[in-house]
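These numbers come from the heavy atoms of this one structure, side chains and all, not from hydrogens, waters or symmetry mates. All values derive from a computational prediction rather than experimental measurement.
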Amino acid sequence: MSKLDKIISGFAWFFSFNVFQAVINLLVSVVLARLMLPSEFGLVAEVTIFSAVGEVLLNGGMTNSLIRTENPDRADYSTVFFINLAVSLFLYGLLFFSAPLIAGFFHQPILTPVVRVYMLCLLAFAFSAVQSTRLVRAMRFKLLTMIHLPSLIASGIVGIVLAYMGWGVWSLVYMYLTRHFLFALQLWIRSGWTPTWTIDRVKLKHHFSFGYKLLLSTVLDRVYQNIYAVIIGRVFLPLQVGYYSRAYTLVQVPVQGVSDPLAAVTYPALSTMQNDNARLQASYRKLIQQTLFVIVPVLTILIVTAEPLFRVLMTDKWLPAVPYFRILCVAGMLNTVNGYNLNILLVKGRSDLYLRLSIIEKALITIGVLSAFSFGIYALLYFQLVSSIVMFLINSSVGGKLIGYPGQRQVGDVYNIFLVALLAGAAAWVFNVYLSGQLIGRWEDMARIGLVGGCFALLFLAICRALKVQAAVDMKELIIKRLLIKHV
């Protein structure tokens, strides 16, 4: 199988998994939102920052170095595995004894036992990081999908059953643990690799020299991805943290459903082109065009139909989260491209620039958050939107120049996608307002979502065709090519 075939096959499997994951997560989230209170979601969201940082420490840094290393051997993998295990034990011990301080910070005593149980996930991360990295490097995304899905389904069942039994916040804790421990267990059974008792100092130095800069920047990134939930949890009520976390989670369903499989598949593939800027530029250009051609219209229609969508999925008690959701949707459109621009730095081996840009971004966010929170939660949300725009300008300028594809060219290649989505979205918004006073009955919201969504899709595709938007032409050719291949 050629490299291109591996990329297409890998993307197809990983995309399929992300579709299933999005659907399953959405269904589970909807059921849990109906069974639980927003404040219970808020309690878990307040401590998610610690598991997010722990996952990065174990799944990032040196594991990314393993992907870039030519022909890594058993000693490479074993060395990283045992270092990860030692780090996970240290982190869990630190968080176990710090749990009362964390609970005191948020003024929520229940967080002491929650942190001590929830953070057991760090051990699961340590036992799965290297095995999953080996499968990613080999582009065995079919096997990864077959391992992920049972973990996802089983954990969703656990969460729903416990929530129905009235376990409250513990439903989310045990659901999370079930998912990650089942994933780790299956990897050990099905990946075909176990470590040897080896820690090679030379190899450790090699992987650490590349990985530590990426690790520091990624840790900062995860901290600041969750900083809004932390600030909201500290200054405001768990109820508002719950609204924010559900809105953010729903935005991530389409964003991660497209960007995660593309990032996972293209990073090892683009790494093979790291010394060929012409190929790298051409591949990257198509990557951001195709990604935004899917992400931008999906998020636009979600903005338009947010109110009936929240009512249908999670009942009226979640309607205060609708304005949060709309603002985060706009920010999500740019955050995807920001991640790809940073990936270019990794492909080119410039983890030092990656770290510098991360520090700049976090410094800007720190100043903004400290300035905005006293003006209320909406000031924080709008700052999150503004920061995504500023960081796109900075990241595209630095990352894009490495391959001769700076920010102004990137904007020139994708601005028409935003323009078409804006035009179709404005028309759909007017149609949605009109329908809100015309439809009555128990199916009113479902009818509005279907009619407005269909109207938007037809307008978006029609305008794209009229303006001959390149991303639409490329997507059509790709679909036709894949259909022809299947029928040959």
Side-chain angles (χ1 to χ4, degrees), residues 21-49 52 159 169 172 176 222 224-260 295-296 298-336 338 365 368-369 372-373 375-389 425 429 432 445 449 453:
Q21 182 183 41
V23 171
I24 294 169
N25 280 339
L26 183 60
L27 292 174
V28 171
S29 178
V30 166
V31 175
L32 291 176
R34 289 171 172 269
L35 293 172
M36 299 172 59
L37 299 173
S39 58
E40 291 171 329
F41 282 93
L43 287 171
V44 171
E46 288 173 346
V47 298
T48 298
I49 186 172
V169 67
L172 301 176
Y176 190 74
R222 287 298 177 91
Y224 279 84
Q225 277 181 1
N226 292 275
I227 195 67
Y228 295 96
V230 171
I231 296 296
I232 295 168
R234 170 63 176 168
V235 179
F236 304 103
L237 298 172
L239 182 70
Q240 291 171 296
V241 185
Y243 291 145
Y244 174 85
S245 68
R246 284 299 86 194
Y248 182 82
T249 299
L250 284 177
V251 170
Q252 294 310 302
V253 170
V255 171
Q256 292 182 349
V258 175
S259 63
D260 280 6
I295 288 291
V296 171
V298 168
L299 291 179
T300 301
I301 194 56
L302 288 177
I303 291 171
V304 174
T305 61
E307 184 177 333
L309 183 67
F310 268 65
R311 249 196 315 265
V312 168
L313 294 180
M314 298 184 295
T315 71
D316 289 355
K317 68 183 178 183
W318 287 93
L319 286 180
V322 167
Y324 302 3
F325 177 73
R326 285 173 168 155
I327 297 169
L328 292 172
C329 277
V330 180
M333 295 177 186
L334 288 177
N335 286 337
T336 300
N338 278 337
I365 291 176
V369 166
F373 81 87
F375 294 98
I377 193 169
Y378 284 104
L380 284 172
L381 290 167
Y382 281 115
F383 174 75
Q384 192 168 351
L385 171 59
V386 171
S387 67
S388 68
I389 297 172
W429 184 282
N432 182 49
D445 288 325
I449 294 169

Taking every non-hydrogen atom, the tightest pair across L299 and P254: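 Looking at all heavy atoms of both residues, the shortest contact is CD2-CG, 3.8 Å.
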Nearest heavy atoms of M36 and K317, plus distance in Å: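 Heavy atoms only, the tightest pair is O-NZ, 2.9 Å.
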Looking at residues at least two apart in the chain, or sitting in another chain, which of them share a side-chain hydrogen bond (donor to acceptor under 3.5 Å, both in side chains) with Y244?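 Testing Y244 for side-chain hydrogen bond (donor to acceptor under 3.5 Å, both in side chains), a comparison that skips the adjacent residues, returns Q384.
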Considering residues at least two apart in sequence or located in another chain, which fulfil the side-chain hydrogen bond (donor to acceptor under 3.5 Å, both in side chains) criterion with Q240? none
Taking the side chain as every heavy atom from C-beta outward, state whether [X] and [Y] have any pair of such atoms under 4.5 Å apart.
X: L380; Y: V369; value: yes
X: V296; Y: T300; value: yes
X: L239; Y: Y243; value: yes

Test log, rule side chain to side chain contact (heavy atoms under 4.5 Å, CB included), inputs Y382 and F375: CA-CA 11 Å; Y382 281 115; F375 294 98; over 6 Å; no
Rounded to the nearest 0.5 Å, how far apart are [atom1] of [X] and [atom2] of [Y]?
X: L385; Y: L334; atom1: CG; atom2: CG; value: 8.0 Å
X: I449; Y: L309; atom1: CD1; atom2: CG; value: 5.0 Å
X: L37; Y: L43; atom1: CG; atom2: CG; value: 10.0 Å
X: I303; Y: M333; atom1: CD1; atom2: CE; value: 4.0 Å

Test L26 against L250 for side chain to side chain contact (heavy atoms under 4.5 Å, CB included), laying out the working first. CA-CA 8 Å; L26 183 60; L250 284 177; 3.6 Å; yes
Report the C-alpha distance between S29 and L32 in whole Å, list the side-chain angles of each, state the deciding distance to 0.1 Å, and finish with yes or no for side chain to side chain contact (heavy atoms under 4.5 Å, CB included). CA-CA 5 Å; S29 178; L32 291 176; 5.8 Å; no
Not counting sequence neighbours, which residues clear side chain to side chain contact (heavy atoms under 4.5 Å, CB included) with V31? List them please. L35, I160
OH (Y378) with more than 12 external heavy atoms under 6.0 Å: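 Yes, because the 6.0 Å sphere around OH of Y378 holds more than 12 heavy atoms from other groups.
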So does L313 get a backbone contact from the side chain of R34, meaning a donor-acceptor N/O pair under 3.5 Å? yes
